[in-house]
Q: 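Pasting in a structure now, in structure tokens, and then I'll have a few things to ask.
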Amino acid sequence: MRVGIVPHYTSLSRHFGTSKQMENLISSIRKPNLLQLNTAPTEDFFGRFLDRYPDISELKKLHSKILVYEHLRTNPSLGVKLMRAYAAHGEPSITRQIFDEIRDKNVVFFNVMIRSYVNNNLHQDALLLYISMLVHGVEPDNYTIPCILKACSGSENLRVGWQIHASIVKLGLDSNLFVGNGLVFLYGKCNYLVDARRVLDRMHHRDVVSWNSVVAGYAQNGRFDEALEVCKEMELQGVKPDAGTMASLLPAVTHTSSANVSFVAEMFNQMPKKGLVSWNVMIAIYVNNSMPVEAVELFCQMEANGVEPDAVTIASILPACGDLSALMQGRKIHEYVVQKRLCPNLFLENALVDMYAKCGCLQDARQAFDGMQRRDVASWTSMISAYGMNGQGLHALALFSKMQDSGLVPDPIAFVSVLSACSHSGLLDKGRYYFKLMTDQYRMVPRIEHYACMVDLLGRAGHVDEAYSFIKQMPTEPNERVWGALLSACRVYSNMTIGLVAADHLFQLVPEQAGYYVLLSNIYAKAGRWNDVTTVRSLMKSRGIKKLPGCSNVELDDQVHTFLAGDFSHPQSKEIYAELDVLLGKMKEAGYVPETDSALHDVEEEDKEGHLIVHSEKLAIVFAIINTKLGTPIRITKNLRVCADCHIAAKLLSEISERDIIVRDTNRFHHFQSGICSCGDYW
DNA sequence: ATAGGGTTAG
């Protein structure tokens with residue numbers, strides 16, 4: 001997997017001309033001589049600048065110059081352009097000031113003002129202005145209606161929507177394509193899909209947007225299969241899907257079947273002119289379907305095709321880097337963000353924090369976080385869970401308090417991050433306190449995730465009985481996560497009775513999940529009940545359940561290397577095993593005794609030690625030791641929980657080879673340093 | 001002088 005960024009892009013942004021042209025324009029505005037002309041500047045002169053989307057400070061300067069000249073101040077064309085420019089900068093109140101100063105307002109001014117509100121999500125203001133427009137006797141036209149329909153769909157206000165629908169007929173605008181599309185979208189958005197479909201079927205002309213609006217309607221309302229069906233139907237009608245179709249489909253292709261992903265991938269491949277949005281959506285689809293490798297590959301293809309990534313692309317691809325712990329790739333993208341000045345951008349900065357956190361780089365995550373001008377609850381939550389996953393529970397809690405001090409109100413996900421931070425650090429009382437805070441003070445109804453955190457917290461701290469009682473008094477049906485947390489606790493504290501209850505539920509909920517059979521068998525093994533171990537093993541065999549192979553990733557020079565247990569497929573295998581042997585000798589000198597309880601007892605006793613020693617994380621660590629300079633931290637990502645033996649081994653290896661080893665397993669991070677793990681052996 | 005749908009984070 002090769003990953004790189006195409007280094008040179010020439011245009012500033014799709015809105016602007018070339019950067020050279022921009023510079024010329026800006027400097028010509030700045031030069032005083034132009035504005036000290038003997039003759040007054042013309043409407044055309046300023047109009048041209050306004051058409052170039054000046055940045056906000058240039059716009060304000062320009063505006064103040066315009067106000068100097070009586071003939072320009074009252075010029076309707078410049079008024080509209082100024083309004084449009086301020087609205088584009090998210091300044092609807094300035095737009096409104098300009099609007100209010102215009103004396104003879106015709107329909108165009110109302111249209112522009114309504115659109116400014118709608119584009120800044122002020123749907124209520126848009127509707128109010130629409131009413132005042134009617135009061136002033138200004139008749140809405142084919143520009144007004146699509147916009148006001150958007151205000152209705154944006155606020156899901158079907159009551160007004162129906163009234164608008166009635167006026168459309170009276171105004172004779174019902175055959176207008178834009179109006180029809182607006183109606184289809186409105187009904188779809190409000191989950192009135194039959195009505196959406198009826199409007200579509202009655203339209204005189206339909207275009208791709210009409211169809212996309214129906215697709216969006218189904219997709220937004222969870223009717224995913226129907227959304228895909230509509231795509232097929234439109235293709236049969238000879239309408240080619242476009243980027244909008246893909247974007248509308250996105251909700252329908254999240255955590256979905258690989259068949260659905262392939263369907264959209266095919267649609268994407270067939271698209272003759274793929275725009276930026278198409279690439280962005282296809283990347284997002286891969287990311288949302290746990291296909292990070294495909295996402296990164298597509299991202300590279302996108303660059304190879306000369307399509308310049310924007311902030312949305314970056315915010316979509318960064319989670320994939322985090323998933324893969326592809327730190328080098330993540331850093332490159334960060335450099336690109338800096339180079340392209342894509343910040344400040346909340347989405348993007350939050351994604352950066354999270355990427356670094358998922359790659360185990362707490363300091364980089366913190367640096368990105370500290371560098372943000374604005375932060376929302378998601379920003380804080382990313383950082384809190386970063387500390388939590390790294391076993392720095394008190395830091396996580398301190399950050400939570402700071403977030404509250406900053407005036408932000410925690411939401412349910414913020415509480416998940418806090419509770420799980422408590423659980424990872426064994427902060428039992430704190431966890432209880434925050435659960436109470438959430439329910440009593442913030443009046444939140446706990447979600448299943450919160451219950452799972454609490455069960456985990458209690459169970460890890462050894463309060464297995466209480467954890468079980470907690471489950472029994474839950475108002476909702478416990479899920480896999482909840483029972484799984486309990487079973488893990490039962491294994492740690494050798495609680496056979498409750499362990500059997502938990503396992504029983506898990507075997508019914510997710511009979512194909514090998515991990516829970518392994519946990520149960522470990523409980524039996526620890527109690528020396530070998531007959532029961534055999535029973536579990538044969539149960540797995542009869543149900544055809546195979547243990548998910550453990551697999552570890554390590555990134556080296558832009559490339560992610562993957563190891564399975566006992567893997568010989570890597571080109572450097574010989575070297576790796578030889579070095580492993582040398583290190584094993586040193587480990588034994590340091591007192592290493594294989595922790596054979598961690599082995600699934602599906603192998604003969606004498607083989608257990610041999611199986612443990614070739615666990616994937618050990619191979620990955622040795623590979624990294626061979627291929628990187630002394631002092632380079634080693635980062636491993638594993639698809640399962642790290643086993644007790646590998647945990648001991650990694651501690652010793654960090655000491656013997658004088659390396660920081662950072663392992664991300666499915667649950668948390670382990671930072672091994674000088675023979676000690678950050679988890680304090682509590683995991 | 002103005003227009004519709006769709007993409008981004010915990």
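Only this structure's heavy atoms are used, side chains among them; waters, hydrogens and symmetry mates stay out. Below, chain A is the first sequence line, B the second, and so on; all start at residue 1.
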Q: Between B:dA9 atom P and A:Asp310 atom CG, what is the distance in whole Å?
A: 13 Å

Q: Taking atom NE2 of A:His123 as the centre, report whether more than 12 heavy atoms of other residues, nucleotides or ligands fall under 6.0 Å from it.
A: yes

Q: What's the closest nucleotide to the A:Tyr143 side chain, out of B:dA1, B:dG6, B:dT2?
A: B:dT2

Q: To the nearest Å, how far apart are A:Ile102 CD1 and B:dA1 P?
A: 15 Å

Q: Would you say the ring centroid of A:Phe435 lies under 6.0 angstrom from that of A:Phe415?
A: no

Q: Listed by chain and number, what are the side chain to side chain contact (heavy atoms under 4.5 Å, CB included) partners of A:Thr381, not counting sequence neighbours?
A: A:Val377, A:Ile413, A:Ala414, A:Ser417

Q: Nearest to the side chain of A:Ala247, which nucleotide is it out of B:dT2, B:dT7, B:dA3?
A: B:dT7

Q: Could you check how far CZ of A:Arg375 sits from P of B:dA9, rounded to whole Å?
A: 20 Å

Q: Determine, answering yes or no, if A:Phe347 is stacked on B:dA9 under the 5.5 Å centre rule and the 30° plane rule.
A: no

Q: When you get a sec, tell me which of B:dA9, B:dT2, B:dG6 is the closest nucleotide to the side chain of A:Ala378?
A: B:dA9

Q: Pick base, sugar-phosphate or nothing for A:Asn345, based on heavy-atom distances below 4.0 Å to the nucleic acid.
A: nothing

Q: Using a heavy-atom cut-off of under 4.0 Å over every strand shown, decide if A:Asn280 touches base, sugar-phosphate, or nothing.
A: base

Q: Can you figure out which of B:dT2, B:dG6, B:dA1 approaches the side chain of A:Pro76 most closely?
A: B:dA1

Q: With a cut-off of less than 4.0 Å, is there a side-chain N or O of A:Arg84 near OP1 or OP2 of B:dA1?
A: no

Q: Given B:dA3, B:dG6, B:dG10, identify the nucleotide with an atom nearest to the side chain of A:Ala414.
A: B:dG10

Q: Hey, could you give me each pair passing side chain to side chain donor-acceptor pair (under 3.5 Å) that has a residue in residues 144-154 of chain A? Not counting sequence neighbours.
A: A:Asn111-A:Thr144, A:Asn119-A:Lys150, A:Asp141-A:Thr144

Q: Between atom OH in A:Tyr356 and atom C1' in B:dA9, what is the gap in whole Å?
A: 16 Å

Q: Taking the minimum atom-to-atom distance to the side chain of A:Phe178, which one of B:dA3, B:dG6, B:dG10 wins?
A: B:dA3

Q: Could you please name the option among B:dG6, B:dA1, B:dT8 that lies closest to any side-chain atom of A:Val108?
A: B:dA1

Q: For a quick check of understanding: with a heavy-atom distance under 4.0 Å over all strands, which category does A:Val353 fall into, base, sugar-phosphate or nothing?
A: nothing

Q: Got a donor-acceptor pair under 3.5 Å from the side chain of A:Ser382 to the base of B:dG10?
A: no

Q: Using a heavy-atom cut-off of 4.0 Å across all strands, would you classify A:Ala243 as base, sugar-phosphate, or nothing?
A: base

Q: At under 4.0 Å between heavy atoms, what does A:Asn106 touch on the DNA or RNA strands: base, sugar-phosphate, or nothing?
A: base

Q: How many Å lie between CG on A:Asn350 and P on B:dG10, as a whole number?
A: 9 Å

Q: Using the six-membered ring wherever Trp is involved, compare the ring planes of A:Tyr187 and A:Tyr192 and label them parallel, tilted or perpendicular (cut-offs 30° and 60°).
A: tilted

Q: In this structure, how many angstroms lie between the P atom of B:dT7 and the CG atom of A:Leu250, rounded?
A: 7 Å

Q: Expressed as a whole number of angstroms, how long is the span from A:Phe400:CZ to B:dG10:C1'?
A: 13 Å

Q: So which atom in A:Val208 and which in A:Met234 form the shortest heavy-atom distance, rounded to 0.1 Å?
A: CG2-CE, 3.7 Å

Q: CG of A:Asp323 versus P of B:dA9: gap in Å, rounded?
A: 12 Å

Q: At their closest point, which heavy atom of A:Arg331 faces which heavy atom of A:Cys361, and how far apart are they?
A: NH2-SG, 4.2 Å

Q: From C-beta outward on A:Ser77, which listed nucleotide comes closest to its side chain: B:dG10, B:dA1, B:dT7?
A: B:dA1

Q: Using a distance-only criterion (donor-acceptor N/O pair, under 3.5 Å, no hydrogens), is the base of B:dG10 paired with the side chain of A:Asp376?
A: no

Q: Measuring from the side chain of A:Ala351 (C-beta onward, heavy atoms only), which nucleotide among B:dT7, B:dA3, B:dA9 has the closest atom?
A: B:dA9

Q: Which of these nucleotides, B:dT2, B:dA1, B:dT8, is closest to any side-chain atom of A:Asp141?
A: B:dT2

